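One-based numbering, in listed order, for ligands and for the atoms of each. Everything quoted here is computed from the prediction, not taken from an experiment.
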Amino acid sequence: MKKQVLTGIKPTGRVHLGNYIGAIKPALDLAQNEYSETAYFVADYHGLTQIHSCEEMKELSYCIAATWLALGLDHEKAIFYRQSDVPEIFELSWILSCFAPKGLMNRAHAYKSIVESNQQIGKDLDTGVNMGLFTYPILMAADILLFQTDLVPVGKDQVQHVEIARDIAGNFNKQYGEVFHIPDYVIQEESAVLPGLDGRKMSKSYQNTIPIFEEPKKLQKLINKIKTDSSLPKEPKDPNSSIIFSLYKEFATSVQIEDLKEKFHSGIGWGEAKKELFHVMNAYLEEPREKYYELMSSPKLLDEILEQGALKARAKTIPFLEEVKQTIGIHRSSRI
Ligand code: TRP
């Protein structure tokens, strides 16, 4: 039996290297495996919890689609779609919400951290929380459970969401029998904490990211901004405590890595080390970047690919949702 692998990205900002290393790359690696069937999507309705501008929503959704394809997603092989093109997800989301304890949502990280920061500054606890944000994990559970997913490759920050999906599926199954598969998550252990420009975790909310398809000149500028210590050019440096070295390891060959390690030990200037980092990163990203810009200039092609993908997706989701509805005793009109 093949394993169903599924993951999505919400269009809320430019995709950065942390997203790529922590979630996209491991997901694409799983697609190489002949024992898996893969479903990858643009989680546009998850994005709507944050993005309330028509233009931005359109642009960012295309960005995510083009990013997946530019980085090597094979849309003939995988099911590749826009979440909003698969209406069964939203119907299942309602059904699941009736099996999701409110207390479980109260404990979800994204919601909890807003409440906590509201508390700190003395605001009403629910300031800035829309119901989409509050029920975000339920929609995500619907994404996952509708495809009978076995494995969800995600960044560390999404683990709790997969656990919530498991809980909700469990609640449902307890009542009706084994209707839903219980999914597992897959995380990229060693590179789960890619450092950003300031050394903290690379994250949009810290504004310390390196967008993956940045133009070479800007990429170089960003790399030059990476925080380093005050050791002098000829002083030996510890590769393991350097952001530059951590990033370098993700893009260089093992020979190059050993080589740079040596140079750190014998004393390399930070400027020089940054140049080497730029060199490997740029070489690695050059081809996908070109493909990305090409795809971004053909939104029609992207639409076509995504709509084809939605047809493939719905061939799975329509019959399965039907099964779920029958299970709970919801009538299906014979005219549909
Ligand atoms: N919450 C994920 C993110 O923030 C996006 C997402 C939506 C997702 N639905 C999903 C990821 C289902 C994995 C499986 O990027």
State the atoms of ligand 1, each with its element, that fall below the 4.0 Å cut-off from a heavy-atom position in [X].
{"X": "Ala43", "value": "7 (C)"}
{"X": "Tyr136", "value": "1 (N), 2 (C), 3 (C), 4 (O), 5 (C)"}
{"X": "Val152", "value": "13 (C), 14 (C)"}

Determine, for [X] against [Y], whether the closest basic-nitrogen to carboxylate-oxygen distance falls under 4.0 angstrom.
{"X": "Lys263", "Y": "Glu276", "value": "yes"}
{"X": "Lys225", "Y": "Asp198", "value": "no"}
{"X": "Glu294", "Y": "Lys291", "value": "no"}
{"X": "Arg14", "Y": "Glu214", "value": "yes"}

Discussion item. Determine whether the aromatic ring centres of residues His161 and Tyr136 are separated by less than 6.0 angstrom.
Written reply: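 Here the rings of His161 and Tyr136 have centres that are less than 6.0 Å from each other.
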
Worksheet item: Less than 6.0 Å separating the ring centroids of Phe41 and Tyr81?
Response: yes

Practice prompt. Not counting sequence neighbours, list each pair that qualifies as a salt bridge (charged side-chain N to carboxylate O under 4.0 Å, His left out) and has a residue in residues 80-107.
Written response: Arg82-Asp85, Arg82-Asp303, Glu88-Arg314, Glu91-Lys325

Looking only at protein heavy atoms, which one is nearest to [atom], and what is the separation?
{"atom": "atom 13 (C) of ligand 1", "value": "Thr7 OG1, 3.3 Å"}
{"atom": "atom 5 (C) of ligand 1", "value": "Gly8 O, 3.4 Å"}
{"atom": "atom 9 (N) of ligand 1", "value": "Asp143 OD2, 2.7 Å"}

Worksheet item: Is the backbone N or O of Ile268 less than 3.5 Å from a side-chain atom of Lys237, with the two atoms forming a donor-acceptor pair by type?
Response: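 The answer is yes, because a donor-acceptor pair under 3.5 Å joins these two groups.
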
Using a heavy-atom cut-off of under 4.0 Å, does the side chain or the backbone of [X] touch ligand 1, or both, or neither?
{"X": "Leu139", "answer": "neither"}
{"X": "Gln83", "answer": "neither"}
{"X": "Phe147", "answer": "neither"}

Worksheet item: Is any N or O atom of His161, backbone or side chain, closer than 3.5 Å to an N or O atom of ligand 1?
Response: no

Fill in: From Met140, Gln158, His46 - option closest to atom 10 (C) of ligand 1 by heavy atom
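Heavy atom nearest to atom 10 (C) of ligand 1 belongs to Met140.
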
